[in-house]
Amino acid sequence: MQTLAGKKILLGIGGGIAAYKCADLTRRLIERGAEVQVVMTKAAKEFITPLTMQAVSGKPVSDSLLDPAAEASMGHIELAKWADLILIAPATADLIARIASGMGNDLLTTLVLASDAPIAVSPAMNQQMYRNQATQENIATLQRRGMHIWGPASGEQACGDIGPGRMLEPMQLVEECEQFWADKPLKGLSVLITAGPTRESIDPVRYISNHSSGKMGFALAQAAVQLGASTNLVAGPVSLDTPVGANRIDVASALEMYNTVMQYAPSHDIFISCAAVADYRPESIAEQKIKKKDGNEHMTITMVKNPDIVASVANMTDARPYTVGFAAETQDVAHYARSKLSNKNLDMICANDVSIEGQGFNSNNNAVTLYWKEGEQSLTLASKQKIAQQILMCIAEKISS
Ligand code: C5P
């Protein structure tokens, strides 16, 4: 399990409540073979003690720019040169703002300026502070400068609010570090992914849609970025954060999704159709809100078929990407998946049994079987992120062979 053997990680701890997780994070990094040198801001020391961090890292903690004794042992420039990666976690709104503006008013921000090591920032703050335009612009600035932004996660916060701003859990940060140094099998390739439901309008205020959460498609986009691909995500209406590093194009109806995909597909190496595209749409959209009429116990909406997006891409004659579909089945999964694979002319299909509780639609987990012409591979129940990585690894293997 020495996945991080010999890696020198400079862990910069900012002053947020999530700082208490840094002891566990340090232990887990060290377990995997990394060397961890901790640097703390003044505020961080209010949340976790340097003594704790020294005990878990096995190294004295650096926390001052102006300490002659510390400068005499490993000075700040030496420290900046030592790191293979600077991981800043938790990165508070204030710390992010100081880094974005190029300040060097403490040891950590000075190291950021003085180091040419890659820098990963794991934001952690109240959801309103995270959503604040100033913070968003600062994060965008760091991204533009090539820094990696890991997280934040969404959920319940220490202050009681619910929303984005939770620091990633220690194990998730460890996985990010592992991914960072892992081979990037999709480097140089472009991936186009559809995700979420589509919305088929009936009149200006009503539509027909489905329960797709978009989580699987978004996890695929995140994994594609992590594996080195340039990633475009065509998203139906969902309330999910855009995976960091992916370019998102929002659409509503199946026709809009079709037009966008047909425009983008020829310039991509891989197309993954994960969206739950409505098979039919109302033949016409009423210009005004449809009124109920006394005495009318029934109303009829005539529906017409939507184009099959994945089949249209799979049957392109020019610049056809490697094309992957999804199949949600409730019975006889292998049979239906294989017939879709051949009827739609796909290269691969990811099939899941949606009759099993705890996987597929709206769940955070999934279990799928991948089918291609000459073979198949089962991926057992795991988080959608894990499943997404495995699907993309399998695709990478297929297109390189
Ligand atoms: O035929 P079925 O809807 O079960 O096929 C599912 C696969 O086809 C998924 O990959 C889905 O994204 C894709 N699909 C599509 N366009 C449609 C219907 C389905 O791309 N109109």
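This is a predicted model, so every value here is computed, not measured.
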Less than 4.5 Å apart, any side-chain heavy atom of [X] and any of [Y]?
X: I349; Y: L346; value: yes
X: H76; Y: L107; value: yes
X: Y371; Y: M348; value: no
X: Y130; Y: Q136; value: yes
X: K373; Y: D347; value: no
X: P197; Y: H211; value: no
X: I309; Y: M257; value: yes
X: W150; Y: Q172; value: no

Tell me if the [atom1] atom of [X] is crowded by more than 12 foreign heavy atoms within 6.0 Å.
X: N105; atom1: CG; result: yes
X: K386; atom1: NZ; result: no
X: Q2; atom1: CD; result: yes
X: D116; atom1: CG; result: no
X: M262; atom1: CE; result: yes

May I ask you to decide whether [X] forms a salt bridge with [Y], counting only side-chain N to carboxylate O separations under 4.0 Å?
X: K59; Y: E35; answer: yes
X: D308; Y: K344; answer: yes
X: D250; Y: R248; answer: yes
X: D203; Y: R206; answer: yes
X: R98; Y: D106; answer: yes
X: E169; Y: K21; answer: yes

Can you tell me if [X] uses its side chain to pair, donor with acceptor, with the backbone of [Y] under 3.5 Å?
X: N352; Y: V354; result: no
X: R32; Y: R27; result: no
X: S115; Y: L111; result: no
X: N138; Y: A100; result: no
X: S57; Y: V38; result: no
X: R166; Y: G151; result: no
X: Q157; Y: Q127; result: yes
X: T231; Y: A229; result: yes
X: N366; Y: K384; result: no
X: T323; Y: P321; result: yes

- Steps toward side chain to side chain contact (heavy atoms under 4.5 Å, CB included) verdict (L10, L85): CA-CA 6 Å; L10 194 150; L85 172 72; over 6 Å; no

Where [X] and [Y] come nearest, the two heavy atoms and their spacing:
X: M167; Y: A124; value: CB-CB, 3.6 Å
X: A89; Y: L11; value: O-CD1, 4.1 Å
X: S62; Y: L79; value: OG-CD2, 3.8 Å
X: T52; Y: A23; value: CG2-CB, 4.2 Å
X: T194; Y: S273; value: OG1-CA, 3.3 Å
X: R281; Y: P307; value: NH1-CD, 4.1 Å

- Query: Which is it for I9 and C177 under the side chain to side chain contact (heavy atoms under 4.5 Å, CB included) test, yes or no, and what are the steps along the way?
  - Reply: CA-CA 9 Å; I9 300 175; C177 289; 4.3 Å; yes

- Query: In a check of side chain to side chain contact (heavy atoms under 4.5 Å, CB included) between P123 and each of I88, T92, L168, I149, which one passes?
  - Reply: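 Checked I88, T92, L168, I149 against P123; only one passes side chain to side chain contact (heavy atoms under 4.5 Å, CB included): I149.
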
- With T41, which of L108, T109, D94 fulfils side chain to side chain contact (heavy atoms under 4.5 Å, CB included)?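 The residue from L108, T109, D94 that satisfies side chain to side chain contact (heavy atoms under 4.5 Å, CB included) with T41 turns out to be L108.
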
- Step-by-step side-chain hydrogen bond (donor to acceptor under 3.5 Å, both in side chains) determination, T3 to E178: CA-CA 7 Å; T3 46; E178 289 173 336; 2.6 Å; yes

Hey, could you give me the [atom1]/[atom2] distance between [X] and [Y], rounded to the nearest 0.5 Å?
X: N132; Y: E137; atom1: CG; atom2: CD; answer: 9.0 Å
X: T369; Y: Q377; atom1: OG1; atom2: CD; answer: 9.5 Å
X: C159; Y: N126; atom1: SG; atom2: CG; answer: 4.5 Å
X: N306; Y: Y258; atom1: CG; atom2: OH; answer: 11.0 Å
X: E297; Y: K292; atom1: CD; atom2: NZ; answer: 12.0 Å
X: L142; Y: R145; atom1: CG; atom2: CZ; answer: 6.5 Å

- Message: Would T135 and Q133 count as a side-chain hydrogen bond (donor to acceptor under 3.5 Å, both in side chains) here? Give the steps.
- Response: CA-CA 5 Å; T135 306; Q133 202 181 337; over 6 Å; no

- Item | Stepwise side chain to side chain contact (heavy atoms under 4.5 Å, CB included) check, Y280 with I208 | CA-CA 9 Å; Y280 293 89; I208 294 170; over 6 Å; no

- Would R199 count as a cation-pi partner of Y207, with NZ or CZ less than 6.0 Å from the six-membered ring centre and within 45° of the ring normal?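 Relative to the ring axis of Y207, which defines the angle, R199 lies inside both limits.
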
- Item | Results of salt bridge (charged side-chain N to carboxylate O under 4.0 Å, His left out) for E329 - residues two or more places apart only |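 Partners of E329 under the salt bridge (charged side-chain N to carboxylate O under 4.0 Å, His left out) test: K340.
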
- Please report the C-alpha distance between K305 and D279 in whole Å, then the side-chain angles of each, then the deciding distance to 0.1 Å, and finally whether the salt bridge (charged side-chain N to carboxylate O under 4.0 Å, His left out) criterion is met. CA-CA 6 Å; K305 205 159 189 198; D279 290 325; over 6 Å; no

- Task: Would you sort out whether I272 and V191 count as a side chain to side chain contact (heavy atoms under 4.5 Å, CB included), showing the intermediate values?
- Result: CA-CA 8 Å; I272 308 176; V191 181; 4.2 Å; yes

